Structures are given as C-alpha cells and as structure tokens.
Number of protein chains: 2
Amino acid sequence: MRPIERYNSETAREYAMRAITENIISIDLEPGQLISENEIASFLGVSRTPVRESIQELNKAALIAIYPQRGSYVSLIDSKYVEEAVFLRKVLDIAVIEEACDLATPEDIAALEENVALQEFYLKSNNTKKIFELDNEFHRMIYVAAKKETIHNMRRTIMIHFDRVRTLSMLAVKDTKIVADHGIMLNAIKDKDKTKAKEIVEKHLDRYRVDQEELLKTYPQYFETN
Amino acid sequence: MRPIERYNSETAREYAMRAITENIISIDLEPGQLISENEIASFLGVSRTPVRESIQELNKAALIAIYPQRGSYVSLIDSKYVEEAVFLRKVLDIAVIEEACDLATPEDIAALEENVALQEFYLKSNNTKKIFELDNEFHRMIYVAAKKETIHNMRRTIMIHFDRVRTLSMLAVKDTKIVADHGIMLNAIKDKDKTKAKEIVEKHLDRYRVDQEELLKTYPQYFETN
DNA sequence: TAATACAAACTTGTATACAAGTCAAGAGAT
DNA sequence: ATCTCTTGACTTGTATACAAGTTTGTATTA
C-alpha cells in the first residue's frame, strides 16, 4: 500500500475511502491481496471505524471481498465487472451527452471550454496526470450539465473495475486524441448536435479497448478464473 | 418508524439497512424527519455501529442528509433525484432487455416463466404485496440474464427515490396490466425480438407516470423547494 | 423586559473494548 | 511418523466509551 497525503479538509472516513480506492486503482493494493482493517488503520493513522466503513462500501461495489472472521481481500479482476463497467459507460455516456445537448447552459459550456483549454495546456507539457484528472472532471461536468450527478456517482464507482485494468495495461491512449475528442464533444454540445455527440462518444470509448488476453497472460494471478 | 422483523440469517448491519430502507420507502420515516443513530439503534435492538453504517450508505445515496454534530434527516423528496431515477430506468431497462434477448439461457427463461406464472396466480387473489415482490424480482432476473447484476444493484438504490413517490401516490397501476406487460416482455426475450422488447418496456414505464403537482399540493412538507 | 452567559442535553465522529469465529503451529499420544 | 488436540494469534462483527461541536433552555444581570 502506498501512502496518500491527507487533506486538512477531509474527515478520517473520507481520507480512508480515498486512500484505499486510489491504492486499488493503482494496483498498489494488488488484486487478491489479503488486507486487514487494523493494518490499514494503523498505516493511515486512523482508527478501525473509518477504515471499516470504507471497506464496507468497497465491498458493496464488489471491489473488496469480506469473509467474516477470516479476512478481507482485494477482489480479483473479474471480466464480468469490467464488462459491466464498459456497458454502463457506453449506454449512459451517450444518453447523457444527448441530454446535455438539450440542457447545457452557457455557464456549463463556459466551464467545459475552460477545462478543454487546460487540457490543451497540459498536453504541451506532457502532464499525463493532470490530463487524467481533467479528463475525469470533463466527463463529470457533462453529467452535471445534463442534471445527472447522482448517476455519475454510480458510474464512477463501477468504473473503478475498468480503471484497474487501465492501470495494468498502462493503456497507451494517446492524450492528443483524447483531448481532441473532448473538443469535438464540446462543439457537439454547443451546436446541440446529438448525432455528432453520440458519434464522437462512441469513437472515444472505442479508444479504450484493452486486450484482456494479453493481460491475463502477463498477470494471471490478478484475474478471476471463471 | 415501523418495526420490521429480523430474520435469523441476517447480520445486524443487514437488518438495520433493510429496516431503515423499508421505512423510508413506506414513508414511515417521513421526508424531512429528524432521526438519531441512538434512537434507531435502541428501537431495532442493535448498537450504533450497524445503524451508523447503514445511515452512511443511505447518505451516499442522497436518502439521508447528515449534519455533523447537529443531526441527520430523512431527505426531502427532490424531483432532481426522482427524475434521475426515471431517466436511469428508462435508459438501462431498454438496453438491458435488448441484451437479455441475446444472452438469456433456457434456464433464465424458465425462471422468468415461473415468476410470471406466480404473478398470474397472485393476481387472481388480488395479493398486491406478493405481486410487488415478484415484480421487483422479475426485473432483477432480466438484469441477471443479461449479466448486469451489479448495474441492477445501482438501479435499485436510485429507484428508492422513485419508490417513495410511488408510496405517496399509492400509484393506481393496474396489477392486471403490469402482469400482462411482463408476459409480453418474456415473449419478446424468448423470440429474441429486441424491437418488441424495447417497445413494451417503454409502454410499461409510462404506466408509472406520477402527477407530482398533485402530490406537492397534498404533501408540501415532504418536498424540497427549489 | 431584554440581553447575555452558561450549563446540560443532545448530535455525529472517532477510538477502543469485547465477542465470536477461523486457522495454523506445535505438543503429546499413539 | 502420524494423528489429534489444544492453544494462541489472528480475523471481522458488534458494542461502548470518549471527543468535539451544536442547540436549547434557564438562570442571571443590566
């Protein structure tokens, strides 16, 4: 487990949740790894309570398996969940961007434009981490513009299954293309052009195809055998 | 709060979660009502810990609002969330039943047939409660057949917002029509007819339209004022 | 009367103690 | 050597104690 800095503004519970989640996505908590509430609690410098609450939440999202009185494990990567994530993203992102075409206010569009400008800025300096953050934020903003923020929270939760695979594959999605896609999405929303919006979202999602066969060969111990 | 019987098989946490959720849906815990972890804990006969974990989870689903050191309240009915639930159900149910047309096994179909037969049985005895349970189970089985069980869990969570409105409106959806709809859905899946499936799901969902204006006039204290 | 101060009774957040179950290592008997 | 039993160190589940903050009612004072 990798240490994560705690913000002053967050409660112990929020910190524990963020730290554990980030470690699962980054595979610093490895699929299949045994974890202990006490161990994580002392590592993070908080008590069992906030750690336990976080683990319960991640258990509900099928990211941690709890065996009472025996132990808890980071869930192995299960193609079932990865495919559900891909399915959900495809169905929802399209429906939501179409909705955003109808509902986006000038303020929403201004915010999206600022985000894309920042993406272009960090593209020049090859700041992949920043672009990753802005990428997540961009998609969230579309959900907000479509008045679907709660749904976005659900999307984020299930997407962790996919993000984990992305980490393993060190998915070589060209940032250039991603940023360009976002610009096109933005224009589609500005033009209220649902057809174009749907088209570019589909193309965008297709960029993230992962060769699971390859990964399974490289990291067999991380995968659920079905 | 109405007492809920505890099953032998469930943990304190599962019991607390189920009891609180059922009370929120049935409006026995009223929108806007002040609740206390201690009060609920002693009412249910468990300690604060499992109650607290449940409240955290419901807080995440925007069904309970927590004000640290001040108190927690059952969330007022917010049309924002109700509309998100309706949107999600429409988008997902259609996509998922189409998927089920491709993926349903003979076993899945047999299970659906048994469920519909039971619905018809209870229709004769006007057992609305049983039909309600079988209804929920029927839709869940379609998600399972489409290999989208995780997504169904998310659907169920957000649907609580809608279920609460249904309770208030004592929505006079004719059970006869619901059961008939389910039979048609089942046939569409058996025939792998996506067009028919999509059509009947849309018609089915339209039966649940609620006149929010009316409700707002009758129960103004239950609604969020935006 | 009205304003202020204060104490008591609440709230949730966090830490810790205890209960109950699992599992593995090791002693001892066969 | 092998089987059996036991013990102890773990696990999570639950209960409780304490910390920190808010609110409310009630004195007390101007």
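Predicted model, so just to flag it, every value in this text is computed and none were measured. Throughout, a chain's letter reflects where its sequence line sits, starting with A, and its residues are numbered from 1.
- Looking only at side-chain heavy atoms (C-beta outward), R89(A) and M159(A) come within less than 4.5 Å of each other.
- Nucleic acid contact class of T49(B) (heavy atoms, under 4.0 Å, all strands): base.
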### Query
Once each nucleotide of nucleotides 17-24 of chain C is scored for protein heavy atoms under 4.0 Å, what B/S/- sequence comes out, 5' to 3'?
B--BBSS-
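- The separation between N59(A) atom CG and dT11(D) atom P is 17 Å, rounded to whole Å.
- When rounded to the nearest whole Å, the span between CD1 of I66(B) and P of dG21(D) equals 18 Å.
- Heavy atoms from other residues, nucleotides or ligands lying under 6.0 Å from CZ of F121(B) number 12 at most.
- Between R140(B) and E149(B), at least one side-chain N (NZ, or NE/NH1/NH2) sits under 4.0 Å from a carboxylate O, which counts as a salt bridge.
- The side chain of S47(B) has dA15(D) as its nearest neighbour among dA15(D), dT12(C), dT12(D).
- Legend: salt bridge (Lys or Arg N to Asp or Glu O under 4.0 Å) pairs involving residues 212-226 of chain A, not counting sequence neighbours: none detected.
- Closest non-hydrogen pair, A104(A) versus I189(A), comes out as CB-CG2, 3.7 Å.
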At a cut-off of 3.5 Å, list every protein nitrogen or oxygen paired with a nitrogen or oxygen from nucleotides 5-8 of chain D, distance to 0.1 Å.
none

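- Listed by chain and number, the residues in a side chain to side chain contact (heavy atoms under 4.5 Å, CB included) with T105(B) are E107(B), D108(B) (sequence neighbours excluded).
- Five base pairs at each end of the helix from dT1(C)-dA30(D) to dT30(C)-dA1(D) define two local axes, and these are offset by 30° (rounded to 10°).
- Under the ring pair (Phe, Tyr, Trp, His ring centres under 6.0 Å) criterion, H152(A) pairs with Y143(A), not counting sequence neighbours.
- Atom-to-atom, CG of L44(B) to C1' of dA15(D) comes out at 15 Å; the value is rounded to the nearest Å.
- Within residues 3-19 of chain B, no residue places a heavy atom under 4.0 Å from DNA chain C.
- Atom OH in Y67(B) sits about 14 Å away from atom C1' in dT12(C), given to the nearest Å.
- Contacts between residues 50-58 of chain B and DNA chain C, counted as heavy-atom distances below 4.0 Å, involve R52(B), Q56(B).
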Under 3.5 Å, side-chain donor or acceptor atoms of residues 111-118 of chain B against the rest of the protein: list the pairs with distances, not counting sequence neighbours.
| residue | atom | partner | partner atom | Å |
| --- | --- | --- | --- | --- |
| E113(B) | OE2 | K190(B) | NZ | 2.7 |
| N115(B) | OD1 | Q119(B) | NE2 | 2.5 |
| N115(B) | ND2 | L134(B) | O | 3.3 |

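- Ion pairing between a basic and an acidic side chain is recognised when a charged N comes within 4.0 Å of a carboxylate O; R18(B) and E10(B) show such pairing.
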### Task
Dump the intermediate steps for salt bridge (Lys or Arg N to Asp or Glu O under 4.0 Å) on E53(B) and R13(B), then the final yes or no.
CA-CA 7 Å; E53(B) 289 175 351; R13(B) 183 176 188 273; 2.9 Å; yes
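- Screening residues 31-41 of chain A for salt bridge (Lys or Arg N to Asp or Glu O under 4.0 Å) gives E37(A)-R48(A), E37(A)-R52(A) as the qualifying pairs, with residues at least two apart or on separate chains.
- Within the 4.0 Å cut-off from OP1 or OP2 of dT12(D), at least one side-chain nitrogen or oxygen of S72(A) is found.
- Looking at heavy-atom distances under 4.0 Å, L34(A) makes no contact with the nucleic acid at all.
- Taking the six-membered ring for Trp and the full ring otherwise, Y67(B) and Y73(B) have centroids separated by under 6.0 Å.
- For K80(A), the NZ atom sits in a packed shell: over 12 heavy atoms of surrounding residues, nucleotides or ligands are nearer than 6.0 Å.
- Under the rule for a ring pair (Phe, Tyr, Trp, His ring centres under 6.0 Å), Y15(B) has no partner lying at least two apart in sequence or in another chain.
- Under the 3.5 Å distance criterion, with hydrogens and angles disregarded, no donor-acceptor pair is assigned to the side chains of N38(A) and S36(A).
- Rounded to whole angstrom, the span from the CD1 atom of I64(A) across to the P atom of dT12(D) amounts to 10 Å.
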Would you list the atom pairs, donor with acceptor, under 3.5 Å between side chains in residues 59-66 of chain A and any protein atom, with sequence neighbours excluded?
| residue | atom | partner | partner atom | Å |
| --- | --- | --- | --- | --- |
| N59(A) | ND2 | I64(A) | O | 2.9 |
| K60(A) | NZ | E57(B) | OE2 | 3.3 |

